[in-house]
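All remarks here apply to the structure that follows.
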Amino acid sequence: MEILYLMILCSVSLAVIFLILFIYGIMKGQFDDDESPAVRILFDSNEDISKESKNDNKEK
């Protein structure tokens, strides 16, 4: 029966640690932008560079 108390204590303390880390992540803004990282991989970075260089040439 004593091992049951120990396991309950360990699981509750582990849950509290994860809750504290989750709240810390929210406070630091880790979960603010959840849309752009999933979409960013769909765009080719070479297209962005070539568009910028074309716009620079047109302005001159």
Side-chain angles (χ1 to χ4, degrees):
M1 190 68 175
E2 292 175 11
I3 191 71
L4 186 62
Y5 295 135
L6 179 65
M7 291 185 70
I8 290 172
L9 178 66
C10 288
S11 63
V12 169
S13 62
L14 187 64
V16 168
I17 289 171
F18 282 131
L19 179 66
I20 291 170
L21 290 174
F22 178 71
I23 292 172
Y24 178 75
I26 289 174
M27 296 295 230
K28 287 290 188 176
Q30 184 175 359
F31 304 110
D32 285 346
D33 189 17
D34 58 350
E35 181 84 20
S36 66
V39 177
R40 190 179 326 152
I41 196 167
L42 299 175
F43 298 112
D44 191 16
S45 63
N46 293 335
E47 290 177 4
D48 296 336
I49 294 171
S50 64
K51 287 179 185 177
E52 289 176 3
S53 65
K54 287 180 183 178
N55 289 338
D56 289 341
N57 291 337
K58 288 180 183 178
E59 291 176 0
K60 291 181 180 178

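Because only heavy atoms are used, hydrogens play no part in the values below, and waters and symmetry mates are left out as well, while side chains stay in.
When the side chain to side chain contact (heavy atoms under 4.5 Å, CB included) test is applied to I8, the partners found at least two apart in sequence or on another chain are L4, V12. Partners of I3 by side chain to side chain contact (heavy atoms under 4.5 Å, CB included), not counting sequence neighbours, listed by chain and number: L6, M7.
Side-chain contacts under 4.5 Å among hydrophobic residues (ILVMFWY), followed directly or transitively, place L9 with no other residue at all.
Applying the ring pair (Phe, Tyr, Trp, His ring centres under 6.0 Å) definition to pairs two or more places apart or across chains, those involving residues 10-29 are F22-F31.
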